[in-house]
Structure formats: C-alpha cells, structure tokens
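Lettering follows sequence order; numbering is per chain, from 1.
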There are 2 protein chains.
Amino acid sequence: MVDAIDRKILGLLIEDAGRTYAQLGREVSLSPAAVHERVRRLRASGIVRRTTVDVDPDALGRHVLAFVLVDSDGWVKDELFAATRADPRIEEAHSVAGSSNFLLKVRVADPDELEDVLHDLYRVEGVVRSRTIMVLRRGFERGVGIPGVRLTSDVIDPPTSATRE
Amino acid sequence: MVDAIDRKILGLLIEDAGRTYAQLGREVSLSPAAVHERVRRLRASGIVRRTTVDVDPDALGRHVLAFVLVDSDGWVKDELFAATRADPRIEEAHSVAGSSNFLLKVRVADPDELEDVLHDLYRVEGVVRSRTIMVLRRGFERGVGIPGVRLTSDVIDPPTSATRE
DNA sequence: CTTGAAATCGAGAATGT
DNA sequence: ACATTCTCGATTTCAAG
C-alpha cells in the first residue's frame, strides 16, 4: 500500500514540507503531478496527518525537560489525561505498564515551573506519588522514523563530545 | 522579542502550517505581507526550525511505544547517542539524572521488534542494564506547547472513556 | 505595516501508456 | 490504473509609499 517511493516522499516531507512538487518529483524521478497524487493519497489515508512547524523549545526559553512517572490510587486515566492535555507544559501523557501507572513528558522554563507542574498534578484526585526523571542532556528528539530512509538530520548535529570549547 | 501576535502565529502554524499568509493575516488582523515578514523573522531567528509533516505511526504499523531506561558502566553517552540516532526505531535519547543514566523513546511494530532494539542496545560497549516501560495507551503526543495559545487539538480527541463501544 | 504588481506554485482536467 | 502535459487560479514575494 505504501511502496518505497511513498516512503522516500514521506522522508523528504518530514525533512522539509516546504518542498515543491517539482523538487520532490526530481528526487524520486516522477512528474510533479504524479507526486502530487501520491501526497494527496498519503493525506487522504491518514498516514500524513497534517503539515506543521517544528518550534525550538530553547528559543522560547523552555530549557528544562523531564519525564514524570505517576502513581495513583484507583484508575484516574480520564481525569489525568484531561488535566494534562489542558496544560501546554505537558507534551505527552501515557498510561504504562510497570511499577507506575502513568508517564508524562514535561517541558518548562526552569525547575521552579517544574515544581508548579507537580503541584498541579497532585490536585488530580487519586494521584498519590510521582518520580521525576530530569533530562541532563538531550541526545535527539525526532518524530516517527521511516526505516530505510536516511535523513540529513541523522548525520548533522555530530555527537556532542565530552570536550567542549 | 516575540510578542503576543508572534505566539498566536506560532500556534496557528503548529496547528496547520499549510495556512496561507492571507488566512493568518485575517486571524491576527494583519496584512499578508506583514505576517510574511513576521514568519520570516521567526524562521531566521531559529524559533521556527523547519516546516515538517506529522506522520501517523499507527498508519505505518508502528503500534508499540516504549520508554527504555538504560544503565551503563562508565560514561558511554557519545557511543550510545551515535548508535541510537542511527536507528530509526528510536525517536529520542537523553542522558538523565536518577537511578539510570539514559532514557530512550522507542517505537516499533510489535514486541518482537522491541526485543531486537534491546538486543542491539546491549551491543553498545558499557551498557549493562535496562528497564523497559511499555506504553499501554497513549493519552496524547504533541510538540512544544505555546502558553496562552489554545489549539483545537487540545479539545478534539475527547478522553477515551472506559466504556468502549 | 499597507498597498499593488509580477513571478511562481498548486490543483484539476484531458490525454496517452 | 497510473503517469504526463497543459492550463488557470491563487499565493508568495518584492518594491514603493
């Protein structure tokens, strides 16, 4: 249903959705209209959900990233998801298997704001415990990978060496 | 440096980067050219890194999401980041504070493939232990939130109730 | 920031393979 | 069924006020 050409187009669009159909066509050796039709199908089938914009958190002053494991008394998924979704500081929320019930991905400006998030968290009925895993250094964050399609973002940004200038 | 209008534009672009400058202008009460100039500045300053495409993992058969805590003997950050970055199944890698050294976000088709990822992980010199947190249900995953800007994606997708049809 | 104009691109239809 | 070429309308983008 999605062949090698589709996957290559997906990789190219992930890398830069501003590309023109003519450019895409050149890269996969197809006519602009042919690429246009393939992209239309990728959107119609829901594989491509939307075209969006990648915003740099640091440029907005959001320097602190943390993952929070949440324990609850009772199954408070709906309440917790509703509360976390309404909070722009929380980027992800999942229910998980293991010693905790939920896992949150939180991005804030500073540790003070992280404390605020935790405080708000305990306002959700049933939340009894949390363990916060602070990110010290981000290796990389990217969206869904397309197996077999090498993106330039995989090579740029060389591994941050321990020897810093 | 980024005022309320810029943040509203950011929110609108995150929601749908396919919007026309005329549409954006209508929503923030500015001329198309003025919005164009603001967006150009947001890009030039690095706040907007790129325009990309949001790909549905499920539509590509990637149904399993997991977070993997990794313990190491010695500080193997560079080796681990290099190895994980080259693997499209791994979406994020961070070094973290706490009882583990690293945290990975992994998305694969099925548990078998997750086992493959763990197997590969232990090929990195120094990796001695791992603890995998399997995601049972995804509440939501989104990019950087813009405080003060309400997106439609915050209201659609009502909380999955326990009573399923 | 707004207005106005020119070049480019997107999107659809008709055609051919 | 899919790809190609052509065409029109819309958008981007630049210059001037």
Phosphate-side-chain proximity, [X] and [N], N/O vs OP1/OP2 below 4.0 Å:
X     : N      : result
A:S31 : D:dT5  : no
A:Y21 : C:dC9  : no
B:R40 : D:dT13 : no
B:T20 : D:dA10 : no
A:H36 : C:dA11 : yes

Inset, instruction - State, with a plain yes or no, whether a side-chain heavy atom of B:V96 is found less than 4.5 Å away from one of A:M134. - result: no
Send over the distance from [X] [atom1] to [N] [atom2], rounded to a whole Å.
X     : N      : atom1 : atom2 : result
A:D3  : D:dA1  : CG    : P     : 17 Å
A:R38 : C:dG10 : CZ    : P     : 18 Å
A:L30 : C:dT17 : CG    : P     : 17 Å
B:E37 : C:dT2  : CD    : P     : 12 Å
B:L24 : C:dC1  : CG    : C1'   : 16 Å
B:R19 : C:dG10 : CZ    : C1'   : 19 Å

Legend entry - Five-pair end axes of the helix from C:dC1-D:dG17 to C:dT17-D:dA1, angle between them (10°):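 Angle reported: 30°, given to the nearest ten degrees.
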Legend entry - No-hydrogen, no-angle side-chain donor-acceptor test under 3.5 Å, A:D54 and B:T52: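 Not at all, the side chains of A:D54 and B:T52 share no donor-acceptor pair under 3.5 Å.
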Counting only N and O atoms by type, is there a donor-acceptor contact under 3.5 Å from the side chain of [X] to the main-chain atoms of [Y]?
X     : Y     : answer
A:S72 : A:G74 : yes
B:R38 : B:I5  : no
B:Q23 : B:T20 : yes

Legend entry - A:R129 CZ: over 12 foreign heavy atoms closer than 6.0 Å: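 Count not over threshold, so no.
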Inset, instruction - Give the ring-plane orientation class for A:H94 versus B:F67, where under 30° counts as parallel, over 60° as perpendicular and anything between as tilted. - result: tilted
